[in-house]
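On a predicted model such as this, the values are computed, not experimentally measured, just so you know. The chain is numbered in sequence order, starting from 1.
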Amino acid sequence: MRRRPPFSLPPLLLVLLVSACARGGGPSASGPSATGSTPAPSAISPSSSAVASIPDASPSIPSATASTPSPTPAALEDGKHFGFVHSVDLSVEPHALVLDLAYFLTGDAASQAAQDHGDEYPPPNDYYILNDNPKLRTLVLAPHVRLRMLDWKSCCQTYFRGDLAAFADGFAHPDPAGTYRGPTSPYWLWIREGQVVKIQEQYLP
């Protein structure tokens with residue numbers, strides 16, 4: 001008995017069938033690429049308004065070149081001070097006085113200071129003048145500064161109201177035996193609102 005050869009399609013029909021399958025069953029144009037890679041999503045940057053809405057928590061730092069002028073301190077604070085007057089200048093406005101600040105100590109404070117400085121203690125006449133700082137201070141005289149000068153003819157606690165011009169001349173032309181003894185005597189100064197309002201001569205035995 002003769003066998004029927006296996007069923008086979010004509011060559012042309014086979015080519016058409018394969019081509020149709022390739023169009024219908026392959027990956028679509030919108031799907032993944034043939035290589036299997038997925039396109040990277042585009043980077044999203046915040047809008048300018050979103051950035052502006054974020055508060056800046058960092059403190060404001062002033063520029064290194066910026067400078068703030070500091071107030072000029074007074075030569076001496078208000079109150080009563082002791083020292084040696086070097087000069088009085090009435091040629092300037094306001095009038096000026098140059099002072100070497102010192103400390104007039106009595107009692108235990110005088111004795112301790114004398115001992116600390118290798119001087120006799122207790123000190124003679126129970127006072128000790130401490131003047132370790134050579135700094136000179138220029139002070140402003142009040143327009144109506146009051147002067148209390150010692151009357152050396154009625155020693156030693158009698159005062160008279162001094163004259164500013166004669167007081168100033170006593171420093172320009174010192175006279176240890178005169179009425180105005182200039183730098184020979186120490187003085188107490190009262191300062192109010194940065195100005196010398198009163199000057200009183202101090203007697204020293």
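Within 6.0 Å of CZ in Arg148 there are more than 12 heavy atoms belonging to other residues, nucleotides or ligands. Around CZ of Phe104, the count of heavy atoms belonging to other residues, nucleotides or ligands within 6.0 Å exceeds 12. Shown here is Asn125, whose CG atom has more than 12 heavy atoms of other residues, nucleotides or ligands within 6.0 Å. Remark: Lys80 NZ is packed, more than 12 non-hydrogen atoms of other residues, nucleotides or ligands lying under 6.0 Å away. Around atom CD of Glu193, no more than 12 heavy atoms belonging to other residues, nucleotides or ligands sit under 6.0 Å away.
Here the shortest heavy-atom pairing between Pro123 and Ser111 reads CD-CA, 3.7 Å. The shortest heavy-atom contact between Gly178 and Trp152 is O-CD1, 4.1 Å. Shown here for Phe171 and Val85, the closest heavy-atom pair between the two residues is CE2-O, 3.2 Å. Residues Gly162 and Met149 approach most closely at CA-CG, 4.0 Å, considering heavy atoms. Between Cys156 and Leu150 the shortest heavy-atom distance is O-CD2, 3.2 Å. Nearest approach of Asp78 to Gly194, heavy atoms of both residues: OD1-N, 3.1 Å.
Judged by distance alone, with hydrogens and angles left aside, the side-chain atoms of Asp175 form no donor-acceptor pair with the main-chain N or O of Arg181 at under 3.5 Å. A donor-acceptor pair under 3.5 Å is absent between the side-chain atoms of Ser154 and the main chain of Asp151, judged by distance alone.
Inter-residue side-chain proximity for Pro143 and Gln195 is flagged as met; some heavy-atom pair is nearer than 4.5 Å. The side-chain heavy atoms of Tyr127 and Pro205, taken from C-beta on, include a pair separated by under 4.5 Å. Side-chain contact between His117 and Tyr128: present, with at least one pair of heavy atoms (C-beta onward) separated by less than 4.5 Å.
Of the N and O atoms on the side chains of Asp116 and Gln112, at least one donor lies less than 3.5 Å from an acceptor on the other residue.
Hydrophobic clustering (ILVMFWY, side-chain heavy atoms < 4.5 Å, transitive): Phe82 and Val88 are in distinct clusters. Side-chain heavy atoms closer than 4.5 Å link hydrophobic residues (I, L, V, M, F, W, Y) into clusters, and following such links, even through other members, never connects Trp190 to Val98. Ile199 and Val140 are not part of a single hydrophobic cluster, where members link through side-chain heavy atoms under 4.5 Å apart.
Every residue two or more places apart in sequence or in another chain that forms a side chain to side chain contact (heavy atoms under 4.5 Å, CB included) with Tyr103 is listed here: Leu101, Leu105, Leu130.
Remark: Leu76 CG to Leu189 CG distance equals 8.5 Å, nearest 0.5 Å. Atom-to-atom distance recorded for Leu164:CG and His144:NE2 is 11.5 Å, nearest 0.5 angstrom. Leu99 CG to Leu136 CG: the interatomic distance, rounded to the nearest 0.5 Å, is 8.5 Å. Between atom CG of residue Leu139 and atom NE2 of residue His81 there is a gap of 8.5 Å, rounded to the nearest 0.5 Å. Note that the NZ atom of Lys153 and the OG1 atom of Thr179 stand 5.5 Å from one another [nearest 0.5 Å]. Atoms OG1 and CG, from Thr138 and Asp89 in turn, are 9.5 Å apart once rounded to the nearest 0.5 Å.
Considering Val197, Val196, Val92 as possible partners of Leu141, the one that fulfils the side chain to side chain contact (heavy atoms under 4.5 Å, CB included) test is Val196. Exactly one of Gln200, Gln202, Glu201 qualifies for a side-chain hydrogen bond (donor to acceptor under 3.5 Å, both in side chains) with Trp188. That residue is Gln202.
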message: Could you walk me through whether Val145 and His95 satisfy the side-chain contact (heavy atoms from CB on, under 4.5 Å) test, starting with their C-alpha distance in whole Å, then the side-chain angles of each, then the deciding distance to 0.1 Å, before giving a yes or no?
response: CA-CA 10 Å; Val145 58; His95 300 330; over 6 Å; no
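By the 30° and 60° cut-offs, the orientation of the rings of Tyr180 relative to Phe160 is perpendicular. Note: Tyr187 and Phe167 have perpendicular aromatic rings, judged against thresholds of 30 and 60 degrees for the angle between ring planes.
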